[in-house]
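All values reported here derive from a predicted model rather than from experimental measurement. Letters A, B, ... are given to chains in the order of the sequence lines, protein chains preceding strands, and every chain is numbered from 1.
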2 protein chains.
Amino acid sequence: MSRPPATAIDTPAFSPLYLQIKGLILQGLQSGEWKPGELIPSEMELAARFRVSQGTVRKAIDELAGENLLMRRQGKGTFVSTHAERQVQYRFLRLRPDEGSEQAEGPAQRQIIECRRLRASAEVARALSLRTGDAVMHARRVLSFAKTPAILEDIWLPGQAFKGLTAERMSGYNGPTYAMFEEDFGVRMVRADEKLRAVTPNEEQARLLGISGCTPLLSVERIAYTYNDVPMELRRGLYRTDTHHYRNTLN
Amino acid sequence: MSRPPATAIDTPAFSPLYLQIKGLILQGLQSGEWKPGELIPSEMELAARFRVSQGTVRKAIDELAGENLLMRRQGKGTFVSTHAERQVQYRFLRLRPDEGSEQAEGPAQRQIIECRRLRASAEVARALSLRTGDAVMHARRVLSFAKTPAILEDIWLPGQAFKGLTAERMSGYNGPTYAMFEEDFGVRMVRADEKLRAVTPNEEQARLLGISGCTPLLSVERIAYTYNDVPMELRRGLYRTDTHHYRNTLN
DNA sequence: CAGTGGTCTAGACCACACT
DNA sequence: GTGTGGTCTAGACCACTGC
């Protein structure tokens, strides 16, 4: 493992060894060499493969674990993270029932309103780094907590990667939708950006959520990314916040 | 630095050396031995003081830096974090102007509506771990971006720690309010939890923000904590989200 | 130049899981 | 017991800052 040559002009471009190793491990994750839930080689093995010390591999894995791409388990090994794990299920869902109300974790019910292939609008195309008119999958659904509708969601996905997505699969899969994306399409969502706004629902939206039109809703626009900051999902959610709230922690 | 004795019953209670060191450094921060913005001793010095290797101190500092309690600067040293730093100013403010509109960072204007000492309601007391009726400071203010009112905020602070807070100081201080809290009261906010909801403003709220009563607003209830998870501020904000949005990143 | 944090190594030992 | 990740050490050298 050699350092990159220092260029004469300007660029510092100094990349420590452990970051190069981190990149190599990332490649293995992107390429599918190690799939979500699988065990990756031990630190010693990776150190031997890359011809560096265990400590250097360790630092690379530390960073990847910090970004939730890998999961370390003492005595067992290091695993590729997955949305299917019990412990981190619904990691991206910040809506929580208000205190006092006893409610189960995670959406108890998913009702798929529609799921079809269509052409990307300019807006959707921009969010997904596609061109206007490219094929995209679109789904609309209602998520309920304890039988009460709480979220109305529109989801857009790149048509190429998500060819074959059906309403049946979306409603039938038992577990987080992002876990289904891993299983069926080999797409792992790694990070997401959200923009929140308070909005007034239109008639159709109010009807689907079973509320009056004057209840304000929390609009959550999310772009989810796979490895390498490639956007793979646009999601527009309307959250009921009269019985629930959106929880956030600032560090 | 000795490990805690293993108790016969149950408790694993194994605490690695670097966590003990981290606790000792934290004590120095809480006690005010090193104040916000100041330089703490070098890794080698701390290693000598605590009779451990540099690597152990390094790991302790790594964690504290990861929690934004310390800031490392290569070649210079390790500093106690502060809300006064240019780079991390308004770290807890997630409201951003929508794209397209050119607006400056941070509130351009602060208008203090009121600032007085009063007795804690049951609700406020619970949030701040006080007893109902204890003295608290309360302030109400409007924050404007580019001369447009965007945030109406109510702030409650423990009366004991914030004795002497005045409207003049709140409006006159040039910089983040949390930086002023550090300077004047020695209270550093380290972490915060927020609960978000979409709400309809009442008449007074709409008037103060200069909007019509049917514009839904984003309600942000924040509890901010100092070292050791001690709650030191309750803040209720109403954010305009027709020209701005609340930005969040999910990992 | 000296002093700081940042990287890298090699080796020892500990805690944990499985067999 | 064996193999995994987790901790701790000691020493070397690199990159950055400021004198």
### Task
Test H245(B) against D98(B) for side chain to side chain donor-acceptor pair (under 3.5 Å), laying out the working first.
CA-CA 6 Å; H245(B) 62 270; D98(B) 289 338; 2.8 Å; yes

### Query
For dG5(C), does either OP1 or OP2 sit under 4.0 Å from a side-chain N or O belonging to K76(B)?
no

### Message
I want to verify a distance call: between dA15(C), dT9(C), dT7(C), whose nearest atom is closest to the F14(B) side chain?
### Response
dA15(C)

### Query
Taking the six-membered ring of F92(A) as reference, does the NZ or CZ atom of R222(A) fall below 6.0 Å from its centre and within a 45° cone about the axis?
no

## Note on the structure
Between CG of L17(B) and P of dC13(C) the distance, given in whole Å, is 16 Å

### Query
Where each residue is assigned the nucleotide of DNA chain D containing its nearest heavy atom, which of V57(B) and Q54(B) is assigned the position nearer the 5′ end?
V57(B)

### Query
Once you round it to whole Å, what is the distance between P of dG5(D) and NZ of K59(B)?
14 Å

### Query
Does a side-chain heavy-atom distance below 4.5 Å link I61(A) with R58(A)?
no

### Task
Using whole Å, report how far CD1 of I61(A) lies from C1' of dT7(D).
16 Å

### Query
Among dG6(D), dT9(D), dC8(C), which nucleotide sits nearest the side chain of S53(B)?
dT9(D)

### Query
Taking atom P of dG3(D) as reference, at what distance in whole Å does atom CG of L46(A) sit?
17 Å

### Task
Rounded off to whole Å, could you give me the CD-to-P distance for the E43(B) and dT9(D) pair?
14 Å

### Query
So, do E233(B) and W156(B) sit near enough that their side-chain heavy atoms are less than 4.5 Å apart?
no

### Query
From dT4(C), dA10(C), dG5(C), pick the nucleotide closest to the side chain of E45(B)?
dT4(C)

### Query
Any idea which of dT17(D), dC8(D), dG5(D) is nearest the S42(A) side chain?
dG5(D)

### Task
Report the distance from atom CG of L19(B) to atom P of dA15(C), rounded to the nearest whole Å.
14 Å

### Query
Between T56(A) and R73(B), which has a closest nucleotide on DNA chain C that is more 5'?
R73(B)

### Message
One pair to check against side chain to side chain donor-acceptor pair (under 3.5 Å): Y246(A) and E194(B). What are the steps and the verdict?
### Response
CA-CA 8 Å; Y246(A) 182 103; E194(B) 292 190 330; over 6 Å; no

### Message
Can you measure L70(A) atom CG to dT4(D) atom P for me and round it to whole angstrom units?
### Response
16 Å

### Message
So if I take every side-chain heavy atom of Y18(B) and compare against dT9(C), dG18(D), dT7(D), which nucleotide ends up nearest?
### Response
dT7(D)

## Note on the structure
When rounded to whole Å, the CZ to C1' distance for the pair R51(A) and dT9(C) reads 16 Å

### Query
In the structure shown, which nucleotide is the Watson-Crick or G-U wobble counterpart of dT19(C), with both distances under 3.5 Å?
none

### 5' precedence on DNA chain D between R72(A) and G75(A) (nearest-nucleotide basis)
G75(A)

